[in-house]
Each structure stands twice: as structure tokens, then as C-alpha cells.
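Side chains included, hydrogens not; waters and symmetry mates left out as well; all remaining heavy atoms used. Here the structure is a predicted model, which is why all the values come from computation and not from measurement. Counting starts at 1 for both ligands and their atoms, in listed order.
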Amino acid sequence: MTTFWTIWITVISLGSLFGCTWLLWVTRKSEPFQSETSETMGHEYDGIEEYDNPLPKWWLYMFMATIVFGLVYYLLYPGLGGFKGLFGWTQENQWEAEVQAAEAKYGPLYAELAAQPIEALAQDTRAIRMGQRLFANNCAVCHGSAARGSFGFPDLTDNDWLYGGTPDKIKETLLIGRIAAMPAWEAVIGAEGITQVAHYVRAMSGQQNVDKALADRGSSLYAANCAVCHGGDGKGIQSLGAPNLTDGVWLYGGTQAMVEASLRNGRNGVMPAFKDTLGEERVHLVSAYVYSLSKDN
Ligand code: HEC
Ligand code: HEC
């Protein structure tokens, strides 16, 4: 903080305190704590008059106490610009102390749970509850509080996996994050090609309202351009994060218009990496929670 702002803040803060003190002083009665009187101030409004009484004592003492409190506060804590206060308190060191206290308290518990395999934790109600809380704080914004996903964000409770639903794969997804690479196709196969292959994709997923002739023409486009990632049978390839197109589960919608939009612009869903933000032990716990959601389905 520059000297100018330090002076500015100090003058205003202390000035207000001294201003209040001055106000108390000049409005005091000559006999400081004289008793109540029946004299009035001499004015009257609608029959209401005002007694010429001093401030009640308790009120006066409280006022003085707040002023003293304010001065002591300014002495101990940062409040006057660059002056740090005698306690040397800062937001940062309080936060660090709290983090350290939490680490000391929960660290051993996390370490104990992280040493157990995810399959075992998925049966342990205490671990699940901890994982659920981590999920609510870190994942629910995107995947929903019930982990059922929404447009562009996968449902984690079903058995349909982009990257794999084994404990190891789930944990890997959380640690390193995922960036889906579905290219845009408009420039490659043209608008007509997109319409055709979209009909073919919808036919693969079992939809009835497709144009057979368009779907047939789409089939060769699919074999040439799409099978590398989505597989010849359309069942997807998990190591590439390329979804199964035959199961009727859609990340971005399965209508003709939505499938065409996926093809025209490409799709690049981003799952952030949590290795650094949550750390390995918490990731292990939340993986167990995610695993528990789908294992019984
Ligand atoms: C910023 C939004 C966002 C947050 C926060 C987020 N995710 Fe994701 N997650 C995604 C997206 C988007 C995908 C899909 C990536 C793709 O399209 O390939 C995904 C994919 C996944 C997958 C892979 C699903 C599959 O089918 O293979 C898992 C598991 C997962 N997330 C779990 C979590 C967990 C647990 C957390 C919290 C620690 C979390 N996610 C936080 C957006 C998010
Ligand atoms: C380089 C690999 C790759 C190629 C080639 C590719 N895709 Fe994809 N595709 C993906 C990935 C990865 C996703 C998932 C995108 C995401 O999660 O954001 C995807 C998503 C999709 C979706 C959205 C699925 C949903 O659930 O909403 C459709 C539809 C699709 N691809 C069709 C095709 C078609 C048709 C072709 C050929 C013209 C094709 N893809 C070629 C990798 C590929």
C-alpha cells in the first residue's frame, strides 16, 4: 500500500473516532451525569414535547466503550493502511493456520482410507459419505448433485462409460482430466454428407424415423471417416473417449438436428484434472463414490 493511501485511510479512520469523542464532549451537560429533569427543550409539535435530559448513562458508557474498543482494535489488527497491527494478523496466515489444523485433523483419516482399494471403499458407508461431500463441492456444478449429468456432461450413475468405469479408469479420469477430440466434419464431408451420416448414426442407435436411402449413403462415409474412433460396429473406443453410438445414450442429444450439430462443429468436452487441486488421496475417495454409483446398475 502506498504512503498516500496509508495516510488517507488513517486520517479518515482515526478522524472519525476522534470526531465522535469530540461530539460526546461538546454535547455533554455541564454537570456530567445530572439526574433527570422535567424541564423541556421548549418546543412542541402536535402536542409532543422533548425533555431536556442528558443521554442515559448506560448509553453514554457504551458509546465511550465502543470508541475505546475501536482504538484498541486499530492498535492490534490491520486497519490503518500499511500498519500491520501488533498481532501481525493477516487473512493469509489465518487461512494457512486453518488449513494446517484441518490437515492435522483429517490427514491421517484420508491417508488411512487412501491405502484401501477403491472396491473396498465403495462398500464403506463412511468413505462413501466423505466422497459424496467431495463430489458435492467439486463435481456437482457440472455433473449435477445426483451425478446424473446434463447436456455435455456425462451421467456417472449409468453403466455407459466414455473412458471406462473400472476403479482404475475412473481414478485416472479424475487425476489427469480428459479432453475429448471429436473433429468438425463440415469441411471434410460437406453438408449433404453430414445429413447422410447422421441418418446412419441414428439408424445404428436403433431409431426408427430414419431415411433408409440417406442412411445407406451415410454408411460408407462412416466406414471411411468415423470407424477409426467409434469402431466399425459403432460401439466406441474407450481409450479414445469416443462414445458408443449404438446404445441410445446421448451426451449431446440424438435428434437429427443435434447429431448434425455434433458433426458440423465437432465436440470437445473438457473434464478438468483434479490431481493438483484435490490431491491423490481425495481423488481416491471421490473415485470410490463415483464407482459406487454405477456398480450396482
Ligand atoms: C467443469 C465441469 C466439470 C467438473 C467440475 C467435473 N467434471 Fe467430470 N466431466 C466433465 C465433462 C465435460 C466430461 C466429459 C468429457 C468428454 O466429453 O469426454 C467429464 C467426464 C467425467 C468422467 C468420465 C465419464 C465417462 O463416461 O468415462 C468422470 C468419471 C467424471 N467426469 C467425474 C468427475 C468427478 C468425480 C468430478 C469432481 C472431482 C468431476 N468429474 C468434475 C466436466 C466436469
Ligand atoms: C478422432 C476421433 C473421432 C473421429 C474420427 C470421429 N469422432 Fe465422433 N466423437 C469422438 C469423441 C472423442 C467424441 C466425444 C466428444 C465429447 O465427449 O465431447 C465424439 C462424439 C460424437 C458424437 C456425439 C455423441 C453423443 O453422445 O452425443 C457423434 C454423434 C459422433 N461423434 C459421430 C461421429 C461421426 C458420424 C464421425 C465420422 C464422420 C465421427 N464421430 C468421427 C471422436 C471421433
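At most 12 non-hydrogen atoms from other residues, nucleotides or ligands lie less than 6.0 angstrom from OH of Tyr51. More than 12 heavy atoms of other residues, nucleotides or ligands sit less than 6.0 Å from atom CD of Glu44. A 6.0 Å sphere centred on CZ of Arg264 holds more than 12 heavy atoms belonging to other residues, nucleotides or ligands. Counting non-hydrogen atoms of other residues, nucleotides and ligands closer than 6.0 Å to CZ of Phe151 gives a total above 12.
Short contacts between ligand 2 and Val201, defined as distances under 4.0 Å to a heavy atom of the residue, involve ligand atoms 35 (C). Atoms of ligand 2 lying under 4.0 Å from at least one heavy atom of Cys229, given by number and element, are 1 (C), 2 (C), 3 (C), 4 (C), 5 (C), 42 (C), 43 (C). Against a heavy-atom cut-off of under 4.0 Å, Leu263 is close to the following atoms of ligand 2: 32 (C), 33 (C), 34 (C), 35 (C). Interface atoms of ligand 2 facing Trp250, defined by a heavy-atom separation under 4.0 Å, are 25 (C), 26 (O), 27 (O).
A salt bridge is absent between Glu172 and Lys275; no separation between the charged side-chain nitrogens and carboxylate oxygens falls under 4.0 Å.
Within the 2.8 Å limit, Cys226 places no N, O or S atom next to atom 8 (Fe) of ligand 2.
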Do any side-chain atoms of residues 112-120 form donor-acceptor pairs under 3.5 angstrom with protein atoms, and if so which ones, sequence neighbours left out?
none

Run through all N or O atoms in ligand 1 and write down each protein N or O closer than 3.5 Å, as a pair with its distance.
| residue | atom | partner | partner atom | Å |
| --- | --- | --- | --- | --- |
| ligand 1 | 7 (N) | His143 | NE2 | 2.8 |
| ligand 1 | 9 (N) | His143 | NE2 | 2.9 |
| ligand 1 | 18 (O) | Tyr163 | OH | 2.5 |
| ligand 1 | 26 (O) | Leu162 | N | 2.7 |
| ligand 1 | 27 (O) | Leu162 | N | 3.2 |
| ligand 1 | 27 (O) | Tyr163 | N | 2.8 |
| ligand 1 | 31 (N) | His143 | NE2 | 2.9 |
| ligand 1 | 40 (N) | His143 | NE2 | 2.8 |

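Using a distance-only test at 3.5 Å, with no hydrogens or angles considered, no donor-acceptor pair links the side chain of Asn265 to the main chain of Glu186.
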Starting from the C-alpha separation in whole Å, work towards a yes-or-no answer on ring pair (Phe, Tyr, Trp, His ring centres under 6.0 Å) for Phe4 and Trp8. CA-CA 6 Å; Phe4 169 78; Trp8 176 269; 5.8 Å; yes
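Of the N or O atoms in His230, one or more lie within a sub-3.5 Å distance of an N or O in ligand 2.
Relative ring orientation between His143 and Phe135 is described as tilted, the plane-to-plane angle lying within the 30° to 60° band.
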